[in-house]
Amino acid sequence: MIDFENLAQAMGELDEDTVKELLEAVSSPEEANAAMEACQKGMNEVGRLFEEGEYFVGDLIYAGELMTDAVEVLKPYLTAGGNGAAKAKMILCTVKDDLHDIGKNIVRSMLEAGGFEVLDLGIDVPAQKIVDTARAEGIRIVALSGVLTLALDSMKTTVEAIRAAGLECKVIIGGAPVSAEACRNIGADEWAHSPQKTVKVCTAWAAE
Ligand code: B12
């Protein structure tokens with residue numbers, strides 16, 4: 001039995017050896033989900049220590065690398081069982097002024113496993129680039145990721161630009177600062193924290 005508390009703690013302490021050792025024991029989707037939760041709990045601890053001035057930007061960078069490696073190990077289990085049938089082409093990106101992409105990359109893997117062709121526009125993506133790509137590619141589904149509180153403003157600008165351009169796109173927003181209230185303010189069609197919900201919502205949209 002994997003000690004997930006220990007994993008969360010090792011993540012928070014940026015103890016690479018222990019994190020790797022514990023992740024090597026993962027052997028099922030259930031364990032991978034629990035391990036992912038533990039890793040995120042560890043990232044929250046990293047964030048807390050950063051806010052308290054105990055960790056610095058260098059630690060955030062290292063935490064990001066550690067988390068990216070963890071996702072690589074867990075990905076095959078997290079994305080198992082996808083039906084792989086092509087559903088639709090969609091856009092995914094991290095919005096303007098936000099450089100965080102680990103959560104977005106997890107969402108991308110899950111969407112691809114769910115059969116979507118994902119046009120990943122990357123990080124710090126301006127609204128106009130999303131509008132231009134959606135128009136050029138005939139996109140009907142856009143997923144926006146953001147981890148900074150500031151990202152909510154960029155999401156709003158992006159949704160406004162999509163609507164102003166007259167594009168018939170459904171927009172789902174996700175990431176730590178997103179909530180039902182933020183979704184209403186931003187004017188998005190849906191919001192989610194979990195990648196699983198994103199796949200469900202986008203699958204329903206693709207079938208419309
Ligand atoms: C690693 C990290 C970094 C790395 C990121 C590396 C990378 N490649 O992404 C680096 C070093 C670049 C970084 C930089 C900064 N960071 Co930083 N960072 C973090 C940290 C520790 C972990 C983030 C992470 O990867 N979490 C794990 C992933 C898996 O979780 P997630 O992103 O939330 O994604 C999940 C869900 O939200 C969801 N999801 C995500 N996207 C989407 C999209 C859709 C459509 C859906 C449905 C779901 C969804 O699914 C994912 C899986 O469950 C967080 C702390 C924390 N608590 O998260 C701080 C944190 C986000 N950072 C913070 C800050 C302040 C900064 C800096 C300003 C620091 C500085 N002074 O320079 C810069 C900002 C740079 C910028 N302009 O973006 C603050 C943000 C505060 C705020 N509320 O705005 C945090 C919360 C730390 C803190 N507590 O102070 N950071």
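Residue numbers start at 1 and run along the sequence shown. When a ligand or atom number is given, it counts from 1 through the structure's own listing order.
- In terms of N/O distances under 3.5 Å, ligand 1 is approached by D97.
- Atoms of ligand 1 lying under 4.0 Å from at least one heavy atom of M67, given by number and element, are 29 (C).
- Among all protein heavy atoms, the one lying closest to atom 84 (O) of ligand 1 is T149 N, 2.9 Å.
- E54 and R48 are not joined by a salt bridge, as no carboxylate oxygen comes within less than 4.0 angstrom of a charged side-chain nitrogen.
- Of all atoms in ligand 1, listed by their number and element, those nearer than 4.0 Å to a heavy atom of S145 are 40 (C), 41 (N), 42 (C), 43 (C).
- Ligand-side atoms of ligand 1 in range of E51: 88 (C), 89 (N), 90 (O), range being under 4.0 angstrom from any heavy atom.
- Near G47, meaning under 4.0 Å from any of its heavy atoms, are these atoms of ligand 1: 55 (C), 87 (C), 88 (C), 89 (N), 90 (O).
- For H100, a nitrogen or oxygen atom sits less than 3.5 Å from a nitrogen or oxygen atom of ligand 1, counting backbone and side chain alike.
- Scanning the protein heavy atoms around atom 34 (O) of ligand 1, the nearest turns out to be G103 CA, 3.3 Å.
- Neither side chain, N44 nor Q40, offers a donor N or O lying under 3.5 Å from an acceptor on the other.
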List the steps and the verdict of side-chain contact (heavy atoms from CB on, under 4.5 Å) for T94 and L99.
-> CA-CA 7 Å; T94 302; L99 307 179; over 6 Å; no
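- For ligand 1, the atoms lying closer than 4.0 Å to a non-hydrogen atom of T198 are 46 (C), 47 (C).
- A donor and an acceptor atom, one from each side chain of Y77 and E30, are nowhere located under 3.5 Å apart.
- Considering backbone and side-chain N/O of L99, one or more are found under 3.5 Å from N/O of ligand 1.
- Alongside L148, the hydrophobic cluster contains L150 (criterion: ILVMFWY side chains under 4.5 Å).
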